Every structure is written in structure tokens, then in C-alpha cells.
> 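First the structure, which I've put down as C-alpha cells, then a few questions once you've had a look.
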Amino acid sequence: MEYERDPAGRSPGRTLLTPQDVHRKRFGPTPIGRRGYAPGEVREFLHLVEVDLAVLYRELVSAREEANRMKMALREWQSQHGECSVRGRQEAQELYRRPHPRERRGE
């Protein structure tokens, strides 16, 4: 039976990995006589993943902060120019309702 996954491929309820998750991850030793991964290589790789995740998280936080700044600036602009928009919309509706000059003359 296959479990449902979100668009990113995570199991339901699972949060994103953090650099701390990767840092704390440990693999058990392989049983004697069995093939497995070299622990040093695994640690080295996990270190690379941890560093990359830290960079990506910083970029994500920065992007979210910028998006919030842009949203706030847009809201401020809209509140300052909202009356202009309403007035312009009302003027456009009035123009639309007026008969065409030819119609007024009976042509």
C-alpha cells in the first residue's frame, strides 16, 4: 500500500528537514560480513547536505521577508490610491452609460 504524499513528495504531516535534523542524523553500524556504507563518507555527505540546507533556509527566509515587504508596500499604495481607483471606475461607468454623440442627435 502506497502512502499519499504532498506535491513535494513528503509524507502527510512531515515537516521540511532542517539543518539540525541532518546534523543529528546518525546511521547504525553495518553488521560484520555485510555490505554497507562507509560511515566517514556518510558523515561527509550529511555535512554537505546540512550546509546546503542552511544556505537554502537563509535564502527562503530572505525571500519571504522581501515578499512581506512588497505586500505591505502594495497595501500602503492601495490605501493611498484607493480613492483614485474608485473615482476612476465611477467616471468610466458614467462614460459607458452616456449615449453616443450620434445617438443623441438622432442619427
Side-chain angles (χ1 to χ4, degrees):
M1 178 175 156
E2 190 165 320
Y3 296 101
E4 289 184 33
R5 296 188 180 275
D6 69 5
R10 291 184 300 271
S11 300
R14 184 180 167 288
T15 60
L16 290 173
L17 274 176
T18 65
Q20 295 79 18
D21 293 335
V22 176
H23 181 76
R24 289 190 298 252
K25 176 67 178 160
R26 296 291 178 253
F27 296 93
T30 58
I32 296 176
R34 302 224 25 208
R35 299 177 74 184
Y37 298 104
E41 291 178 24
V42 172
R43 280 192 300 275
E44 184 179 326
F45 177 75
L46 287 176
H47 175 71
L48 295 174
V49 172
E50 178 183 1
V51 169
D52 287 352
L53 279 174
V55 169
L56 292 172
Y57 267 79
R58 281 193 300 272
E59 290 176 0
L60 177 62
V61 167
S62 177
R64 286 180 175 167
E65 288 171 352
E66 179 65 16
N68 285 333
R69 280 193 296 274
M70 293 173 83
K71 285 179 188 177
M72 295 298 289
L74 176 60
R75 287 184 185 128
E76 179 68 23
W77 184 89
Q78 287 173 329
S79 68
Q80 291 175 357
H81 294 85
E83 187 177 316
C84 296
S85 174
V86 170
R87 199 172 337 120
R89 189 170 34 249
Q90 289 170 343
E91 290 172 2
Q93 288 172 347
E94 288 174 19
L95 284 173
Y96 180 75
R97 290 186 189 125
R98 290 183 197 158
H100 192 274
R102 290 185 200 156
E103 294 173 4
R104 280 190 260 171
R105 290 184 279 169
E107 293 179 7

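Because the structure is a prediction, the values reported are computed rather than measured.
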> Rounded at 0.5 Å granularity, tell me how far CG in Leu46 sits from CG in Leu53.
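Rounded to the nearest 0.5 Å, the CG-CG separation comes to 10.5 Å.
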> Kindly check if the number of other-residue, nucleotide or ligand heavy atoms within 6.0 Å of CD (Glu41) is above 12?
no
> Using the rule that two of Ile, Leu, Val, Met, Phe, Trp, Tyr join whenever any of their side-chain heavy atoms come within less than 4.5 Å, decide whether Val22 and Phe45 are in one cluster.
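Shared cluster, yes.
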> Out of curiosity, does Val49 fall in the hydrophobic cluster containing Val42 (side-chain heavy atoms, cut-off under 4.5 Å, transitive links)?
yes
> Side-chain contact test, heavy atoms from C-beta onward, threshold under 4.5 Å: evaluate it for Met72 versus Glu76 and give yes or no.
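In short, these two side chains do not touch, never coming nearer than 4.5 Å.
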> More than 12 foreign heavy atoms under 6.0 Å from CZ of Arg64: is that the case here?
no
> Partners of Asp21 by side-chain hydrogen bond (donor to acceptor under 3.5 Å, both in side chains), sequence neighbours excluded?
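Result, side-chain hydrogen bond (donor to acceptor under 3.5 Å, both in side chains) vs Asp21: Thr18, Arg24.
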> Let me confirm one number: the NE2-NE2 distance from His47 to His23, rounded to the nearest 0.5 Å.
10.0 Å
> Are any of the side-chain heavy atoms of Leu74 and Lys71 separated by less than 4.5 Å?
no
> Pairs in or reaching into residues 53-76: which pass ring pair (Phe, Tyr, Trp, His ring centres under 6.0 Å), with residues at least two apart or in two chains?
none
